J.: 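One structure coming up, written as structure tokens, with questions to follow.
So that the names make sense, note that chain A is the first sequence line, chain B the second, and so on, each numbered from 1. The structure displayed is predicted, hence computed values, not measured ones.
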Amino acid sequence: MTTQDPAIVVVAADTQEPPPPRGQLQLFVDAFASNKLAVAGLIVFVLAILVALTADFISPYDPNAQDLGMRLLGPSITHWLGTDQYGRDLLSRVIHGTQISLMVGVISITVATICGVAGGALAGYIGGFVDDIIMRCMDVLLAFPALILAIGILAVLGPSIFNVIVVIAVVSTPQLARITRSAVLTQKEEEYVQAAIVIGLPMYVRLFKHVLLNCLAPITVQATLLVANAIIVETSLSFLGLGVRPPTPTWGTILFEGKDYILLGMWWMSVFPGIAIILAMLGLNLLGDGLRDALDPKIRGADA
Amino acid sequence: MTSLNVDKQIYNGLMNYDADSKMFPDLASAEPEQPDDLTYIFKLKEGVQFHKGYGEMTAEDVVYTYDTIRGAVETGQSFFLSLWLKPLAKVEAVDKYTVKFTMAEPYPDFLDTSTMCKIVSKKAAEEFGKDFARNPVGTGPFEFVEWIKDDHILLKKNEAYFTAGVPKLDEVYFQIIPDDTVKVTNLITSQVDMMKEIPPRNLEQLKGAPGVVVGQVPGTQTEQVYFNTKAGPFQDVNLRRAVAYGIDRKAIADKVFYGMAQVAYAPTPGWQLPAGDYPADMVKIGYDPDMAKKYLKASSKPDNFEFTCMTTAQGWFVEQLTVIQANLADIGIKMNIEPLEKSVMFGKMRVWDYEASYEDLNAGYFGFSAATAPLFYTPPTRQLGWGDEHGLKAFDLLNKFLVTVNAEERQIVYGDFLKILHDQVPYTQVVYVDSTDAWSESVTGYKTGTPNDSMFWETDLS
């Protein structure tokens with residue numbers, strides 16, 4: 001047969017299945033993509049990660065190379081953001097600072113997420129004695145203001161990048177544990193979890209597949225916002241002289257070194273790392289807010 | 001602001017220096033009688049009253065003060081000045097207003113030392129015990145009111161001061177401002193009347209600021225690297241030498257201190273030595289990368305040598321170390337900088353838990369003839385752990401210097417000490433920082449002096 005009977009084609013079209021319902025992932029992507037601020041946040045975050053990953057290639061100078069003859073110069077063609085009091089190129093330092101600041105933020109919160117989710121999930125799911133022990137420990141950590149606790153721990157450990165990561169992980173863990181625990185408490189009463197118990201699925205399957213997977217939304221959102229917080233804590237610690245050791249550049253140390261020169265009219269040493277911090281904070285917070293809106297079916301429905 | 005600046009307002013010594021570094025009898029009524037090389041007889045001013053009703057200052061209080069400092073009275077405390085009172089054999093009250101000091105050996109700097117030993121009230125010191133430092137009772141122009149740690153110290157006028165017309169100010173309020181920028185801004189905007197230790201980067205700014213007067217004289221504050229000679233890599237003298245020759249001192253004086261410091265070649269500036277200058281044959285350890293590389297090559301760690309230098313997080317130390325770090329990187333040494341709280345750092349030095357440290361020592365603490373300042377660091381038991389034959393010999397030479405009367409001989413003894421120091425390099429000097437103050441035009445009767453700065457006796461506000 002070389003030609004189709006039009007009647008048959010119509011029938012075939014009618015019997016085709018309706019398009020499949022859009023999956024959860026698709027719904028989330030659509031909701032996120034329609035939120036322009038969230039997309040802007042994501043772009044900033046991705047750009048920052050790209051800058052951090054390619055820091056060694058895109059920096060015009062060695063960030064620690066001193067040239068005392070070229071110090072304290074304002075922005076120019078040769079040094080786009082100017083130079084600091086040792087004649088180091090500020091642009092290269094801000095770029096490498098992005099590397100350290102992001103690395104500290106992301107690694108410390110990854111560690112905090114692993115510890116916090118494990119602790120919070122066990123506490124929430126098992127309950128009773130285990131819950132009491134884990135959560136009371138977290139309460140003790142939460143009772144101290146994060147920055148004060150961080151300063152205290154660093155005073156004992158001494159300043160270094162590794163110690164800053166450890167400290168931020170420690171002060172961030174309780175927040176993730178609390179979020180996870182409360183989400184797990186809600187989820188474990190759901191009927192499908194009860195059903196899984198009834199059909200005899202082992203506990204780790206129930207916990208990971210049925211409970212934790214459904215808690216991912218609040219944990220992801222909290223972790224994203226905590227990365228922003230971690231960068232601020234790192235910056236604050238470096239600003240107080242307790243963060244990473246010189247000459248390693250981070251946004252906080254550059255700001256710290258620049259603050260004494262503001263009154264002398266050398267604004268660039270403080271303004272540029274300041275802008276980097278503001279952009280990163282804004283980006284991460286927009287991203288976090290966007291994730292929360294896109295992941296929450298209730299809010300998502302309201303937006304649509 | 002150092003505690004010494006406050007002490008000078010509260011206490012008097014038997015002798016004292018004025019802002020021009022001229023010695024004058026203070027609690028003594030005149031220069032002491034010296035019947036022989038070993039004896040000093042001081043007549044005290046009569047009717048001098050201690051603050052807060054602790055009674056008249058008498059020979060009793062002077063004897064108590066000196067015996068306490070040199071450790072002849074058991075107080076459970078030790079005073080660094082005891083090193084400077086070693087030649088003192090006996091101090092006794094002849095009568096209520098006469099004190100006799102007997103030395104074991106001739107001690108040419110005794111009068112200088114007597115400006116540093118500030119007379120305290122025996123009654124108050126015994127009453128407060130270890131808390132006396134927090135409740136100081138002296139005879140000075142100002143009386144202690146309160147000290148709120150890390151915030152302020154308040155002194156008020158001693159109405160019964162023994163010199164008529166002194167002091168002029170009703171109160172002195174020492175405000176502790178840790179941040180340089182805040183300190184400078186407070187002075188420029190007249191929130192404070194005077195500031196100590198100008199941050200070098202603000203020197204030109206303050207010189208040009210309307211209504212601000214800047215005082216700057218050569219100083220005795222010596223920035224130095226201390227090596228741990230008792231443990232770790234710097235037991236190797238060649239590594240110590242390599243670092244010492246690898247530091248570009250001029251760059252630090254010019255760039256970190258903006259010319260507010262002089263390159264240092266010895267623990268004491270030349271002008272403070274008996275001959276008024278360094279010995280002619282003194283080795284000047286300066287910036288010499290080739291020499292540094294040579295010593296590094298001869299050392300136990302010729303390749304990839306890495307060490308950590310701790311320092312005080314506040315102040316100008318990290319800035320200096322950042323330059324030194326780049327200097328040393330040029331000759332192939334990696335130096336890590338570890339900024340610490342001051343007390344933590346000195347705690348680590350005390351137990352030799354460090355490789356190198358960077359701090360300053362103000363030789364001005366040791367009187368005008370500050371040549372003996374290294375005594376503070378050379379005893380084998382002190383922070384450097386420099387207890388080998390060279391350290392002991394250096395210690396002996398400094399003690400010999402202390403009791404040598406003839407100025408030429410003294411210079412020779414000191415030269416011998418410097419030879420050991422420059423050969424062994426247990427610590428190395430980088431720069432001497434100038435003494436600086438800045439004050440508002442409304443302040444009168446004040447003069448920046450070395451080392452006797454911050455005397456507010458004649459100071460007034462218009």
J.: For a side-chain hydrogen bond (donor to acceptor under 3.5 Å, both in side chains) with Asp360(B), tell me which candidate from Gln429(B), Gln221(B), Gln224(B), Gln320(B) qualifies.
T.: Gln221(B)

J.: Below 4.5 Å from any heavy atom of chain A, which atoms of Asp179(B) appear? Answer side chain, backbone, both or neither.
T.: side chain

J.: Among Ile324(B), Leu239(B), Asn304(B), Leu328(B), find the one that has a side-chain contact (heavy atoms from CB on, under 4.5 Å) with Ile333(B).
T.: Leu328(B)

J.: At a 4.5 Å cut-off on heavy atoms, which part of Leu240(A) comes close to chain B: side chain, backbone, both, or neither?
T.: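 Neither part.
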
J.: To the nearest 0.5 Å, tell me how far Asn228(B) CG sits from Arg240(B) CZ.
T.: 9.5 Å

J.: Please classify the contact of Glu341(B) with chain A as side chain, backbone, both or neither, using a heavy-atom distance under 4.5 Å.
T.: neither

J.: Please identify, among Glu257(A), Gln85(A), Arg245(A), the residue contributing the most non-hydrogen atom pairs under 4.5 Å to chain B.
T.: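 With the most close heavy-atom pairs to chain B, the winner is Arg245(A).
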
J.: With side chain to side chain donor-acceptor pair (under 3.5 Å) as the criterion, how do Asp434(B) and Gln262(B) come out once you've worked through the C-alpha distance, each side chain's angles and the decisive distance to 0.1 Å?
T.: CA-CA 8 Å; Asp434(B) 290 348; Gln262(B) 319 304 322; 3.2 Å; yes

J.: Any salt bridge between Asp139(A) and Arg178(A), counting N to O under 4.0 Å?
T.: yes

J.: Between Asp236(B) and Lys301(B), does any side-chain N to carboxylate O distance fall below 4.0 Å?
T.: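 So Asp236(B) does not pair with Lys301(B) through a salt bridge.
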
J.: Residue by residue, scan residues 200-215 of chain B and write down, ordered by number, those that have a heavy-atom distance under 4.5 Å to chain A; if none do, write 'none'.
T.: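 Under the 4.5 Å heavy-atom cut-off, Arg201(B), Asn202(B), Gln205(B) qualify.
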
J.: For the pair Thr54(A) (side chain) and Phe57(A) (backbone), establish whether a donor and an acceptor sit closer than 3.5 Å, ignoring hydrogens and angles.
T.: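 Side chain of Thr54(A) to backbone of Phe57(A): no pair is present.
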
J.: Inspect the contact between Glu359(B) and Lys342(B) and indicate whether a charged nitrogen and a carboxylate oxygen are less than 4.0 angstrom apart.
T.: yes

J.: With a 4.5 angstrom heavy-atom cut-off, is it the side chain or the backbone of Thr308(B) that approaches chain A, or both, or neither?
T.: side chain

